[in-house]
Amino acid sequence: GDYVFTPLRMATRRMGNAGLAFSITVNTVAIGLWHGFTWGYFTFGAIHAVYLTAEALSARFRSRFYKKRPGLDRLGIWLGRLYTFHFAGLAFLYFRASSVRDATWGLTHLLSGIASPGEGFARLGDAVSAGPLLIGIVACLIVVLAEHYRPDLWLQRIGNGLPKWAGSPLRALVFVELLVIVILLVSGSFSDRPFIYEAF
């Protein structure tokens, strides 16, 4: 963002919304192609460009809309979460598929077999080993709980209640623990697929 989007946005600010859309598109497509020069990664970046451009260009309208209708504000938050989750998932279909054709086939057959969900879950269990699946579920729960209960505020309150000499060591300890957890997760052999950024 600092090296691609910001300079582009500064250079195209006189172009108004067109300049903003151009800057977002170049940035997100670059993010996609950074993972590899394939049409799948390009499509992943292009899809995100559409999402982010629509979000940026509609920001003022949405702000005015909810300001006039404060009762719908909470509904808008939940709709935003649903929108973000499902549309980001759509983009990641192109990110993970072997080709754009495979991703498109998966998208067009998304609802096939919906009448027999038990069979679908059984196939999912066969395709995904227990380790990564468990890590994914726990990570999702941690993110949801952290967003709701704001543990960063707990740390701040605890730090404010401690003597000055103890505040910094506490923050350092928490940081080191989180760093160790990340290193263990990244270096763990949960599957045969290499870590995607290992080459970098």
Side-chain angles (χ1 to χ4, degrees), residues 1-70 72-101 103-104 107 139-140 142-144 146-153 155-156 159 167-168 171-172 174-176 178-179 181-183 185-186 194-200:
D2 292 339
Y3 301 102
V4 179
F5 175 77
T6 301
L8 272 176
R9 184 64 190 123
M10 294 298 291
T12 60
R13 62 186 182 276
R14 293 183 179 179
M15 298 169 60
N17 289 337
L20 176 60
F22 175 78
S23 303
I24 291 173
T25 301
V26 172
N27 187 60
T28 55
V29 169
I31 289 172
L33 292 178
W34 183 78
H35 296 86
F37 288 95
T38 69
W39 284 111
Y41 292 135
F42 174 86
T43 306
F44 167 81
I47 290 174
H48 272 86
V50 173
Y51 300 160
L52 293 175
T53 300
E55 191 274 338
L57 297 183
S58 64
R60 291 182 180 177
F61 168 79
R62 287 182 288 110
S63 178
R64 290 195 301 266
F65 179 85
Y66 288 115
K67 199 170 280 187
K68 292 180 180 178
R69 303 166 181 84
L72 296 177
D73 188 52
R74 192 166 184 81
L75 175 62
I77 292 173
W78 281 101
L79 288 176
R81 290 171 179 171
L82 287 173
Y83 162 88
T84 302
F85 177 82
H86 288 92
F87 281 87
L90 169 65
F92 272 104
L93 182 62
Y94 287 89
F95 184 93
R96 292 294 295 168
S98 301
S99 66
V100 172
R101 178 179 294 180
T104 304
L107 186 61
C140 286
I142 290 173
V143 169
V144 171
E147 183 179 340
H148 184 74
Y149 292 106
R150 295 293 303 275
D152 56 318
L153 297 183
L155 182 61
Q156 183 178 348
S168 295
R171 294 186 181 90
V174 172
F175 174 79
V176 169
L178 290 174
L179 185 62
I181 291 172
V182 170
I183 291 174
L185 289 175
V186 170
F195 183 52
I196 191 168
Y197 299 121
E198 185 176 348
F200 298 95

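Since this is a predicted model, take the numbers as computed values, not measurements.
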Could you go through Asn27 and Leu8, starting from their C-alpha distance and side-chain angles, then the distance that decides it, and tell me whether this counts as side-chain contact (heavy atoms from CB on, under 4.5 Å)?
CA-CA 9 Å; Asn27 187 60; Leu8 272 176; 5.8 Å; no

Atom pair OG1 (Thr28) and CG (Leu33), whose distance is rounded to the nearest 0.5 Å
9.5 Å

Taking every non-hydrogen atom, the tightest pair across Pro7 and Val4
CD-O, 3.4 Å

Rounding to 0.5 Å, atoms OG1 (Thr12) and CG (Asn17) come to a distance of 11.0 Å

Tyr41 backbone acceptor or donor facing Thr38 side chain under 3.5 Å:
yes

Pick from Leu20, Val26, Thr25, Ile24: which one makes a side chain to side chain contact (heavy atoms under 4.5 Å, CB included) with Phe22?
Val26

Should Phe92 and Phe95 be marked as a ring-ring contact (aromatic ring centres under 6.0 Å, His included) after you check the CA-CA gap, both sets of side-chain angles, and the distance that decides it?
CA-CA 5 Å; Phe92 272 104; Phe95 184 93; 5.5 Å; yes

Work out which heavy atom in Tyr94 is nearest to a heavy atom in Ala103; give both atom names and the distance.
CD2-CB, 3.4 Å

Does any N or O in the side chain of Arg62 come within less than 3.5 Å of the main-chain N or O of Glu55, such that one atom is a donor and the other an acceptor?
yes

N/O donor-acceptor pair under 3.5 Å between Ser23 side chain and Gly19 backbone:
yes

Does atom CZ (Arg69) have a neighbourhood of more than 12 heavy atoms from anything else shown, all under 6.0 Å?
yes

Rounded to the nearest 0.5 angstrom, the OH-NE2 distance for Tyr83 and His86 is 13.0 Å

Would you say Tyr51 has more than 12 foreign heavy atoms packed within less than 6.0 Å of its OH?
yes

Closest approach of Gly40 to Val100 (non-hydrogen atoms, all atoms of both residues):
N-CG2, 3.7 Å

Once rounded to the nearest 0.5 Å, what's the spacing between atom CG of Leu52 and atom CD1 of Ile47?
12.0 Å

Stepwise side-chain contact (heavy atoms from CB on, under 4.5 Å) check, Met10 with Arg13:
CA-CA 5 Å; Met10 294 298 291; Arg13 62 186 182 276; 3.8 Å; yes

Relative to the ring of Trp39, is the ring of Phe42 parallel (under 30°), tilted (30 to 60°) or perpendicular (over 60°)?
perpendicular

